[in-house]
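All values reported here derive from a predicted model rather than from experimental measurement.
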Amino acid sequence: NGSLQQGRLSLQVPGSGELEVDFSIPDVASGTESPVRGRVQIALGDLAFINRLQGVFDDVQGALDVDLSLAGTLADPVFEGSASMRSAHLENRASGLKFSDIELSGKITPDARSLLSGRFRSGDGEGRLNLDVRFGDMMSPELRLGLRGESLTIVDVPELRVVADPDITLLWQDRMLEIDGRLAIPSARLAPVYLPEASVLESQDVYIVAGELPHQAPEQARRKPLRLRGELEVELGQDVMVDLDLAR
């Protein structure tokens, strides 16, 4: 009689877990404006499959649980509920960056926001996270991350080791990253292999004898994939050491 009384979508993630959606559509004849009711459950016991989907971290582990109610219409669904990440681990071997014992939990609100907070460990230090993700525009979500910690090992390789006490806020919006706050570095070791080389600029008496420099770069060359702005105070402590060939 024009009513979908029960529907079920089940998606298995091999070796990790599953996503299940139970729903009903009381008035199918209304098309995309039909109201929808239901429940969404995501239970992933192993996040290792993410390693194949991204190129930042070499190792991703942990468990993710999401429990949401589904309302609204087919064209504009509304989700509300809870989400948590347990015993998570992120590692980038090239930099020696390791985030372990990540515990995040929070809620997803009807206005398309995810509010999560929690803690993690890096080296001998412990950090705290506050995450606010807004999905008003699904193609361009807004992400705000508050990060605080003490004695966090940010980089740990033979030629470079950095320990930091961050108190910063990161905002990602419309392909722009905004960084504000304070970054104290009580301890660091910097070896010559990581020192940047000096730039070589044209001398003022250089003349171009063939061709000409373009007045404007092509549109694609001018377009930058990431815009960066903000104000970040960096403080170096007494145990920051730069080891050169002839001096320290």
Side-chain angles (χ1 to χ4, degrees), residues 47-48 50-51 54-64 84-106 115-133 142-173 175-200 224-248:
L47 298 178
I50 296 179
N51 296 337
Q54 52 81 42
V56 178
F57 294 100
D58 301 299
D59 187 19
V60 178
Q61 301 177 17
L64 176 67
S84 66
M85 179 179 292
R86 298 174 285 105
S87 304
H89 174 88
L90 303 175
E91 180 177 354
N92 179 277
R93 298 189 183 97
S95 66
L97 175 65
K98 295 180 182 180
F99 289 163
S100 60
D101 300 331
I102 303 173
E103 303 285 340
L104 284 174
S105 62
L115 303 171
L116 303 173
S117 62
R119 52 175 290 278
F120 67 95
R121 297 195 63 83
S122 180
D124 296 329
E126 182 172 314
R128 295 170 296 282
L129 293 171
N130 289 288
L131 181 63
D132 182 356
V133 184
E142 175 184 322
L143 183 149
R144 183 183 299 272
L145 173 65
L147 172 62
R148 293 185 178 184
E150 297 83 29
S151 302
L152 301 181
T153 302
I154 305 301
V155 183
D156 190 6
V157 292
E159 296 84 4
L160 180 62
R161 187 175 190 272
V162 178
V163 176
D165 300 339
D167 185 1
I168 60 179
T169 299
L170 304 176
L171 174 63
W172 170 262
Q173 182 180 20
R175 301 191 66 81
M176 174 181 288
L177 179 62
E178 184 172 340
I179 305 177
D180 290 289
R182 179 174 178 270
L183 181 64
I185 302 178
S187 176
R189 291 293 183 272
L190 178 63
V193 67
Y194 280 96
L195 293 179
E197 296 181 357
S199 321
V200 178
K224 296 182 179 180
L226 173 65
R227 292 176 294 163
L228 184 65
R229 72 179 186 185
E231 183 175 336
L232 181 65
E233 176 187 354
V234 180
E235 176 184 318
L236 303 181
Q238 296 296 322
D239 193 31
V240 175
M241 187 75 69
V242 179
D243 290 325
L244 304 175
D245 291 336
L246 300 177
R248 172 178 293 184

Would L232 and I168 count as a side chain to side chain contact (heavy atoms under 4.5 Å, CB included) if you check the C-alpha gap in whole Å, the side-chain angles of each, and the deciding distance to 0.1 Å? CA-CA 8 Å; L232 181 65; I168 60 179; 3.5 Å; yes
Flag the pair D167 and R148 as a salt bridge only when some basic side-chain nitrogen lies within less than 4.0 angstrom of an acidic carboxylate oxygen. yes
Checking R121 side chain against D124 main chain: does a donor-acceptor pair fall under 3.5 Å? yes
Taken to the nearest 0.5 Å, the spacing of N92 CG from F99 CZ works out to 10.5 Å
Decide side chain to side chain contact (heavy atoms under 4.5 Å, CB included) for Q173 and E178; before the verdict, give the C-alpha distance in whole Å, the side-chain angles of both, and the deciding distance to 0.1 Å. CA-CA 8 Å; Q173 182 180 20; E178 184 172 340; over 6 Å; no
H89 backbone acceptor or donor facing S100 side chain under 3.5 Å: no
Residue among S84, S87, S117 satisfying side-chain contact (heavy atoms from CB on, under 4.5 Å) with E103: S87
Does T153 reach the side chain of V162, with side-chain heavy atoms less than 4.5 Å apart? no
Can you measure from OG (S187) to CD (Q238) and round to the nearest 0.5 angstrom? 12.0 Å
Quick one: are T169 and L145 in side-chain contact, heavy atoms under 4.5 Å? no
Could you walk me through whether V163 and L152 pass side chain to side chain contact (heavy atoms under 4.5 Å, CB included), step by step? CA-CA 5 Å; V163 176; L152 301 181; 6.0 Å; no
Residues I179 and L170: closest non-hydrogen pair is CG1-CD2, 3.5 Å
So CG of L131 and CG of L147: to nearest 0.5 Å the spacing works out to 11.0 Å
Using a 4.5 Å cut-off on heavy atoms from C-beta on, say whether the side chain of L97 contacts that of D156. no
Without swapping roles, check the side chain of D180 against the backbone of E231 for a donor-acceptor pair under 3.5 Å. yes
CG on L190 to CG on L160, rounded to 0.5 Å: 6.0 Å
Tightest non-hydrogen contact, residues M85 and L47, listed as CE-CD1, 4.2 Å
Set of side-chain hydrogen bond (donor to acceptor under 3.5 Å, both in side chains) partners for R128, sequence neighbours left out: E150
By salt bridge (charged side-chain N to carboxylate O under 4.0 Å, His left out), which residues pair with R144, not counting sequence neighbours? none
Does a salt bridge link D239 with R189, judged by any charged N lying under 4.0 Å from a carboxylate O? yes
Less than 4.5 Å apart, any side-chain heavy atom of L171 and any of L177? no
L183 and A164: which non-hydrogen atoms are nearest, and at how many Å? CD1-CB, 3.8 Å
Go through the steps for I185 and V234 under the test side chain to side chain contact (heavy atoms under 4.5 Å, CB included), then give the verdict. CA-CA 7 Å; I185 302 178; V234 180; 4.2 Å; yes
Checking the side chain of D243 only, and the main-chain atoms of R248 only, is there a donor and an acceptor separated by less than 3.5 Å? no
Compare every heavy atom of D165 with every heavy atom of P186, then report the nearest pair and how far apart it is. CG-OD2, 3.9 Å
Measuring only between side-chain heavy atoms, which start at C-beta, is D101 closer than 4.5 Å to F120? no
